Every structure is written in C-alpha cells, then in structure tokens.
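Values below: all heavy atoms of this structure, side chains included; hydrogens, waters and symmetry mates excluded. Here the structure is a predicted model, which means the values were calculated and not measured. Letters A, B, ... are given to chains in the order of the sequence lines, protein chains preceding strands, and every chain is numbered from 1.
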Number of protein chains: 2
Amino acid sequence: MAVNRLKKLGLKLTPQRLAILNLLEGNKKHPSAEEIYSQLKPRFPSLSPATVYNTLEVLAKAGELQEVRIRGDKKHFDSNPAPHGHFLCRICQSIYDLDVEPLEMQTPFSVKGHLVEGYTLYFYGICPVCQEGSKTKLN
Amino acid sequence: MAVNRLKKLGLKLTPQRLAILNLLEGNKKHPSAEEIYSQLKPRFPSLSPATVYNTLEVLAKAGELQEVRIRGDKKHFDSNPAPHGHFLCRICQSIYDLDVEPLEMQTPFSVKGHLVEGYTLYFYGICPVCQEGSKTKLN
DNA sequence: CTCTCAACTTATAATAATTATAAATTCATA
DNA sequence: TATGAATTTATAATTATTATAAGTTGAGAG
C-alpha cells in the first residue's frame with residue numbers, strides 16, 4: 001500500500017496526506033485539487049487548500065500519482081501513475097480512463113534524437129452517457 | 001492560403017489577424033500568446049494582449065490552428081491544426097513537433113462507447129540539443 | 001516516554017495567464 | 001462613402017496556483 005512507499009521516500013505520514021491518498025485510490029473520477037479540498041474539508045475542518053496543492057505536488061513528484069492536464073483551466077489527479085489514455089467529454093466535462101490498443105509505450109525510448117521519458121495521451125469527444133442522452137432527446 | 005479560408009468563415013481580415021497568422025505560419029517554435037504579443041508589438045504599437053487572445057481563440061475554433069497545452073502554465077499555438085505529437089524538453093522548455101509512427105489516428109472514431117473527435121499526444125523528455133549539451137559537459 | 005526539530009500545515013498574500021466588459025474603431029458591403 | 005456589425009483596445013475581474021512566514025506536529029533519538 002501507499003503508506004509503505006511514502007515511508008520509504010522519507011515523507012511524513014500526516015492525516016491530510018493519507019486522506020488525500022485514500023480519496024484518490026480507486027477513484028475513477030480524477031478530481032481536481034479544489035474538488036479534493038471540498039470533499040475533505042468537512043472531515044478536516046482545519047484543512048487548507050495549500051496543503052492539498054502541496055500534497056498533490058509531492059505525491060506526483062514521488063511518482064505516486066499523475067497530473068491530468070486534459071483541461072485547459074485546471075489540473076486533475078489520477079492515483080494511477082502509469083501512462084494511459086484519458087478522455088474528456090465536451091458535454092459533461094467528465095474525465096474517463098481510456099486505453100486505446102496500439103498506443104501503449106514503454107518509457108524511456110528515443111525518437112529522432114529526442115529522449116522520451118514520459119508521455120500523455122488525451123482524447124476529446126462525447127462520452128457514452130452523453131451520447132445516450134442526446135439520442136433520447138431526439139426520440 | 002489562410003486569407004481565403006478566413007473570408008469563407010465570415011471572419012474579418014484585420015491587420016492584427018493577418019500578422020498573427022503570418023507569425024505562426026511555418027513557425028516551428030509554437031509560441032505562447034505572450035510571445036506572439038511581444039513579437040508583434042513593435043510593428044503594431046496599438047496591439048493589445050486581449051486581441052492576441054481573442055484572435056487565437058477565434059482561429060483555433062475555426063480550425064485554422066491548434067492550442068498546444070503541453071505545459072501546465074500557459075498555452076502554446078501551432079499553425080498546423082492536424083493532430084500530431086508534440087515534445088517538451090524539460091531542460092530548455094522548447095516545444096518540438098514529434099511524429100511517432102504507430103500513433104497517428106484518423107478522427108472521429110469510437111472506442112468503448114466513447115466518440116473520439118480529437119486527441120493530443122504530448123511527449124516529455126530531453127531534446128537533441130540538450131542531450132548534446134550535457135554530453136559536452138561531461139567531457 | 002518525551003524531547004527535539006525538520007518537515008508539515010495553515011492563513012494569507014502574491015502571481016500570472018486568461019477572460020469579461022464596455023467604449024472606440026474599422027472592415028466590408030450596400 | 002455611409003452604415004452597422006464585428007473587432008480592437010484599455011481596463012478591470014477572475015481563478016487556479018504558488019510563495020511566504022508563522023505556528024504545529026510526526027517520528028526518531030535518547
């Protein structure tokens with residue numbers, strides 16, 4: 001579990017960090033910092049946004065999670081740090097994991113002299129729910 | 001040329017728009033809005049940052065260029081609107097076009113119920129110039 | 001067990017890219 | 001060349017995020 005990994009990295013196990021990790025683990029919704037803050041605030045009344053930002057940065061740098069910058073305005077966070085595709089619905093703005101077969105790559109690799117250490121793959125369009133919704137509307 | 005396309009779209013051909021288009025056409029450096037503004041300001045003393053932002057948004061929506069959001073802080077712009085890979089060097093922060101063979105896809109397509117209308121592919125690492133630089137340092 | 005202190009959290013202010021607003025200007029057609 | 005909608009401009013507002021500094025705490029040393 002993440003607790004042991006944090007210890008190995010010399011990071012302190014604070015209640016805030018554990019709460020943020022717990023919120024993200026197994027969470028498919030890729031929340032933003034603000035959403036994480038709002039969801040934890042009731043249980044941690046003293047929680048500050050800065051702590052959420054700090055923690056997310058520390059955990060991302062430690063390789064425990066990844067930043068998802070599929071939207072132009074704010075970052076979202078994924079507890080799965082391995083590179084994989086993400087999908088943003090232009091109707092409901094939901095972010096989904098989306099693996100597209102031939103696109104998985106092992107890093108690092110070199111292309112035309114560029115040393116590629118990581119990559120992101122973002123898809124944009126309409127999610128299954130919203131496609132269904134617009135169908136219903138038309139009937 | 002772009003002029004005719006803009007006319008077709010019902011967009012006015014202002015000197016500012018033409019200058020921005022010209023700056024971007026055949027420019028491999030993918031400048032940010034601020035860089036575009038700084039470069040044009042001497043020739044257009046009345047130019048306002050808002051105009052640059054407006055124009056870039058209009059042109060992007062018209063499909064004449066694409067936003068490159070490979071960096072977390074600011075947007076960059078590419079006069080080639082077709083989806084293709086981009087690479088950000090973590091040393092010099094330069095952005096390069098980078099096509100990786102098996103990754104080109106025709107849009108739209110569907111994956112697991114998601115209608116994919118567009119996509120972005122961003123690579124992160126060290127560019128050829130900076131790899132050469134660090135080699136030199138070690139010798 | 002408790003002392004110690006670097007690491008962490010917090011409140012607050014500062015930053016910086018971008019967006020909104022509204023008045024002045026100008027492109028393009030009649 | 002007159003007209004009006006589109007555009008540009010200056011300015012203010014927004015908003016996610018980062019910086020700062022003071023107070024708090026986790027966890028190893030003794």
Side-chain angles (χ1 to χ4, degrees), chain A residues 2-21 23 30-62 64-65 67-77 88 93 95, chain B residues 2-21 23 30-62 64-65 67-77 88 93 95:
Chain A
V3 172
N4 298 322
R5 292 198 301 268
L6 291 195
K7 271 196 175 170
K8 267 190 198 157
L9 291 162
L11 298 175
K12 279 192 185 170
L13 259 52
T14 67
Q16 295 87 338
R17 285 183 177 172
L18 293 174
I20 291 170
L21 268 175
L23 187 84
H30 308 97
S32 66
E34 199 283 330
E35 287 165 347
I36 293 169
Y37 171 76
S38 297
Q39 287 180 50
L40 293 180
K41 186 70 177 172
R43 275 197 291 132
F44 293 84
S46 78
L47 184 66
S48 135
T51 297
V52 177
Y53 282 105
N54 280 341
T55 299
L56 291 170
E57 188 195 345
V58 166
L59 295 177
K61 278 200 181 140
E64 289 296 314
L65 51 82
E67 292 181 357
V68 179
R69 297 194 307 224
I70 198 170
R71 287 180 52 167
D73 49 358
K74 65 184 75 149
K75 297 177 186 169
H76 289 251
F77 295 87
L88 172 68
Q93 302 292 310
I95 298 170
Chain B
V3 172
N4 297 322
R5 291 198 301 269
L6 291 195
K7 271 196 175 169
K8 266 188 198 158
L9 292 162
L11 298 174
K12 278 192 186 171
L13 258 53
T14 66
Q16 295 89 336
R17 286 182 178 172
L18 293 174
I20 291 171
L21 269 175
L23 187 86
H30 308 96
S32 65
E34 198 283 330
E35 287 164 346
I36 293 169
Y37 171 73
S38 297
Q39 288 180 49
L40 294 179
K41 185 73 176 170
R43 277 196 289 131
F44 294 83
S46 78
L47 184 66
S48 136
T51 297
V52 176
Y53 283 105
N54 279 341
T55 298
L56 291 169
E57 189 195 345
V58 165
L59 293 177
K61 279 201 180 140
E64 288 296 312
L65 51 83
E67 292 181 358
V68 179
R69 297 194 307 225
I70 197 169
R71 286 180 52 167
D73 50 357
K74 65 185 75 150
K75 296 177 186 171
H76 290 251
F77 295 87
L88 172 68
Q93 301 293 310
I95 298 170

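Listed here is the closest heavy atom pair of A:His76 and A:Ser32: ND1-N, 3.6 Å. Between B:Ala60 and B:Glu67, the shortest heavy-atom contact is CB-CG, 4.4 Å.
Take B:Glu34 and apply the salt bridge (charged side-chain N to carboxylate O under 4.0 Å, His left out) test, not counting sequence neighbours, and it matches no residue. In this structure A:Gln39 satisfies the side chain to side chain contact (heavy atoms under 4.5 Å, CB included) test together with A:Leu23, A:Glu35, sequence neighbours excluded. For A:His30, the ring pair (Phe, Tyr, Trp, His ring centres under 6.0 Å) partners are A:His86, not counting sequence neighbours. A:Arg17 pairs by the salt bridge (charged side-chain N to carboxylate O under 4.0 Å, His left out) definition with nothing, not counting sequence neighbours.
In this structure, the CD atom of A:Glu35 is 15 Å from the C1' atom of D:dT15, given to the nearest Å. Put simply, CZ on A:Arg43 is 17 Å from C1' on C:dT9, counting in whole angstrom units. A:Arg71 places its CZ atom 13 Å from the P atom of D:dT15, with the value rounded to the nearest Å. A:Leu18 places its CG atom 14 Å from the C1' atom of D:dT25, with the value rounded to the nearest Å. Between A:Arg69 atom CZ and D:dA16 atom P the separation is 16 Å, expressed in whole Å. The distance from atom CZ of A:Arg17 to atom C1' of D:dT24 is 14 Å, rounded to the nearest whole Å. In this structure, A:Ile36 atom CD1 and D:dA16 atom C1' are separated by 14 Å, rounded to whole Å.
Contact check for B:Leu56 versus B:Ile36: side-chain heavy atoms found under the 4.5 Å cut-off. For the pair A:Val68 and A:Lys75, the minimum side-chain heavy-atom distance is 4.5 Å or more. No side-chain heavy atom of B:Thr14 sits less than 4.5 Å from a side-chain heavy atom of B:Thr55.
Pairs engaging residues 45-58 of chain B under the salt bridge (Lys or Arg N to Asp or Glu O under 4.0 Å) rule: B:Glu57-B:Lys61 [sequence neighbours left out].
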- For nucleotides 11-20 of chain C, just jot down a letter per nucleotide in 5' to 3' order: B, S or -, based on protein non-hydrogen atoms under 4.0 Å. B-----SBBB

- Message: Generate the contact string for nucleotides 22-30 of chain C. Rules: B means base contact, S means sugar-phosphate contact only, - means no protein heavy atom under 4.0 Å.
- Response: ----BBS--

Show me the donor-acceptor pairs within less than 3.5 Å that the side chains of residues 43-54 of chain B make with the rest of the protein, sequence neighbours left out.
{"from": "B:Ser48", "atom 1": "OG", "to": "B:Ala50", "atom 2": "N", "distance (Å)": "3.0"}
{"from": "B:Asn54", "atom 1": "ND2", "to": "B:Ala50", "atom 2": "O", "distance (Å)": "3.4"}

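Computed from C1' positions of five pairs at each end, the angle between the two local axes of the helix from C:dC1-D:dG30 to C:dA30-D:dT1 equals 40°, rounded to 10 degrees.
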